[in-house]
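In what follows, a single structure is set out as structure tokens and then discussed.
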Amino acid sequence: MKRQTEMMMLIALVLAGLNMRPLMTSVSPLLGQLRQTIGLTPLAASLLPAIPMMMMGAIALLSAPLMQRIAVRKLLTGGLMLLSLATFSRLFITQGSLLVFSTIPGGLGIGVVQMAMPGLIRQRFGERSAAITGLWAGALMGGGGLAAALTPWLSAQMGWQGALSSWAIPTLCAVLLWLFIPTAAPEKSTQRAMPALWRKTRAWTLALSFGLVNGGYAICVAWLPDFYHQQGWSAQAGGSLLAMMISCQVAGALLLPLLARGADRRPLLLLALGMQFCGMMGFLFAPQAAPWIWAGVSGFGLGGAFPLALVLALDHLSHPQAGARLVAFMQGVGFIIAGCMPFIAGQLHTLTHSFASVWLMQGAVTLLLIVLNLCFHPRSYPHAFPEK
């Protein structure tokens, strides 16, 4: 019975993860069409991935009181239902401003699910939490890739409104599955006293690193198809390139955590960041020479860095509740930072009339991340968060 429940939990976890990114990635291959049909402005286009990221961050910062008052399964099903309603509402949208507005409840729903999942994984899977976190991250990114690849085809069959709103169906399926997962007794453990995280330098550096890594993902989701569309590619081709990039993110999210055997996460993080840098430089200097290689290399690096960042934060504190608090703070501040990145990239493109400035900025950000992650040596963990 326990094994059956665990298998149901894994399936439900994967299905929930698949629904975390189509709200954002389904739109980017259709930006050209949306500009013509509903007058979507460059500012509105940059807000479509930015607002959900900021909503995710806001919810993560409120995680402590929410998780104390509401059971995890109720949080998960409630978040998925809110996301489903926001996605379905796109069937009736006729203005760019309404499309942007739909990202607010959708982002809140995603934020609720992402807030609850890392702690649930740590509680239910214990020592296997690194591998299961990689599975969660892989599903999360894989859903984004499916949406990027399939939405242009769905748009040709049923129109852009039907294509965007159709992603509510798998979300409803996830809600139904989570309703059948048996509830676990709440973990009874002694609360550990921790200083306020906003006073801890390491909490802020972890949040900055997490935010900038996810900012790179958000920039690619928002602008990579449009970048190649402006170079003569079709919407389907641009969406396929983004889907391939996200497929490589899935591979990175699944494989790199499995290699994380020792206590030091930095070698794998530096590998992931180095691959991101190579891909961004490829987009900058030779975008037409090998676009599929640049997308694959940067995607693998972006995908691997996400779960490794979650595991790195959990490594800092041995107590599960304290680790969950740190991860929530890191995601809260980090997703707000990430949400700003596609907006900044959009404004850079508007000012310079070129995507070169965007890839140059992201390359510089990746170099900053390499320097920042060198500071995360395991010997520094006890000094960063002294446990009493």
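These numbers were taken from a predicted model, which means no experiment stands behind them.
- When the options L372, T366, V365 are evaluated for a side chain to side chain contact (heavy atoms under 4.5 Å, CB included) with L212, the one that passes is V365.
- A side-chain donor-acceptor contact under 3.5 Å links W167 and T151.
- When only modelled atom types and interatomic distance are considered, Q231 and Q288 share a side-chain donor-acceptor pair under 3.5 Å.
- Proximity of the aromatic rings of F227 and W359 is defined here by a centroid distance below 6.0 angstrom, and this criterion is met.
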task: Take F300 and L256 through the side-chain contact (heavy atoms from CB on, under 4.5 Å) test and state the conclusion after the steps.
output: CA-CA 9 Å; F300 193 92; L256 286 186; 4.0 Å; yes

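- Distance alone, capped at 3.5 Å, is enough to place a donor-acceptor pair between the W294 side chain and the A286 backbone.
- Using a 4.5 Å cut-off between side-chain heavy atoms of Ile, Leu, Val, Met, Phe, Trp and Tyr, with links allowed through other members, V358 and L368 fall into the same hydrophobic cluster.
- Within the structure, salt bridge (charged side-chain N to carboxylate O under 4.0 Å, His left out) pairs that include any residue of residues 266-290 comprise D264-R266 (at least two apart or interchain).
- The shortest non-hydrogen separation linking A235 to H229 is N-ND1, 4.3 Å.
- L34 and M158 are assigned to two separate hydrophobic clusters, defined by single-linkage of ILVMFWY side chains at heavy-atom distances under 4.5 Å.
- N214 places no side-chain N or O within 3.5 Å of a backbone atom of A338 that could act as its donor or acceptor partner.
- How far CG of L314 is from CG of L326: 7.5 Å, rounded to the nearest 0.5 Å.
- Residue-environment remark: CE (M81) stays at or below the threshold of 12 foreign heavy atoms within 6.0 Å.
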task: For side-chain contact (heavy atoms from CB on, under 4.5 Å), just list the numbers for T103 and L47, CA-CA rounded to whole Å, side-chain angles, deciding distance to a tenth of an Å, and then say yes or no.
output: CA-CA 9 Å; T103 64; L47 290 175; over 6 Å; no

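- Between W223 and P342, the closest heavy-atom pair is NE1-O, 3.2 Å.
- Distance alone, capped at 3.5 Å, is enough to place a donor-acceptor pair between the Q161 side chain and the I93 backbone.
- When the side chains of ILVMFWY residues are joined at heavy-atom separations under 4.5 Å, either directly or via intervening members, L369 and V371 end up in two distinct hydrophobic clusters.
- Using bins of under 30°, 30° to 60° and over 60° for the plane-to-plane angle, the ring pair Y228/F283 lands in the perpendicular bin.
- Of the possible polar contacts, one joining the H316 side chain to the L312 backbone as a donor-acceptor pair under 3.5 Å is found.
- A donor-acceptor contact shorter than 3.5 Å is absent between the side chain of S209 and the backbone of L206.
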message: Show, in sequence, the C-alpha distance, side-chain angles and deciding distance for W136 and L140, and conclude whether the side-chain contact (heavy atoms from CB on, under 4.5 Å) test is met.
response: CA-CA 6 Å; W136 158 250; L140 185 148; 4.0 Å; yes

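- Summarising the geometry of A50 relative to G339, their closest heavy-atom pair is CB-O, 2.9 Å, with the distance given to 0.1 Å.
- Taking CG of L61 as the reference point, atom CG of L66 lies at 11.0 Å (rounded to 0.5 Å).
- Nearest heavy atoms, G106 versus A86: N-CB, 3.4 Å.
- Residue S46 holds its OG atom at 5.5 Å from CZ of F343, rounded to the nearest 0.5 Å.
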task: Evaluate the criterion side chain to side chain donor-acceptor pair (under 3.5 Å) for residue pair T41 and R35; output intermediate values, then yes/no.
output: CA-CA 7 Å; T41 64; R35 289 190 187 102; over 6 Å; no

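- Summarising the geometry of L302 relative to Y217, their closest heavy-atom pair is CD2-N, 3.9 Å, with the distance given to 0.1 Å.
- Atom CZ of F101 sits in a sparse spot, with 12 or fewer heavy atoms from other residues, nucleotides or ligands closer than 6.0 Å.
- In this structure, I293 places its CD1 atom where only 12 or fewer heavy-atom neighbours from other residues, nucleotides or ligands lie under 6.0 Å away.
- Taking CZ of R90 as the reference point, atom OG1 of T87 lies at 6.0 Å (rounded to 0.5 Å).
- In this structure, S240 contributes its side chain and Q236 its backbone to a donor-acceptor pair below 3.5 Å.
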message: The test is side-chain contact (heavy atoms from CB on, under 4.5 Å); show your working for W233 and L241 and say whether it passes.
response: CA-CA 10 Å; W233 289 37; L241 181 66; 4.0 Å; yes

query: Going through the checks in order, is the ring-ring contact (aromatic ring centres under 6.0 Å, His included) test met by F210 and F335?
result: CA-CA 8 Å; F210 184 81; F335 277 126; 5.2 Å; yes

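- Of all non-hydrogen atoms in L83 and M20, the two that sit nearest each other are CD2-CE, 4.1 Å.
- Neither side chain, D226 nor S28, offers a donor N or O lying under 3.5 Å from an acceptor on the other.
- I344 is connected to M24 through a chain of hydrophobic side-chain contacts under 4.5 Å among Ile, Leu, Val, Met, Phe, Trp and Tyr, so both are in one cluster.
- The backbone N or O of R73 lies less than 3.5 Å from no partner atom in the side chain of W178, so there is not a single donor-acceptor pair.
- Q276 places a side-chain N or O within donor-acceptor distance of the main-chain N or O of G301, the cut-off being under 3.5 Å.
- At least one donor-acceptor pair closer than 3.5 Å links the side chain of T352 to the backbone N or O of L348.
- Panel note: side chain S380, backbone F376; no donor-acceptor pair is recorded below 3.5 Å.
- If you chain together hydrophobic residues whose side chains sit under 4.5 Å apart, I219 and L367 fall into the same group.
- L99 CG to L48 CG: the interatomic distance, rounded to the nearest 0.5 Å, is 5.0 Å.
- Expressed to the nearest 0.5 Å, how far CG of L150 lies from CH2 of W153 amounts to 8.0 Å.
- For the side-chain hydrogen bond (donor to acceptor under 3.5 Å, both in side chains) test, no residue two or more places apart in sequence or in another chain qualifies with Q347.
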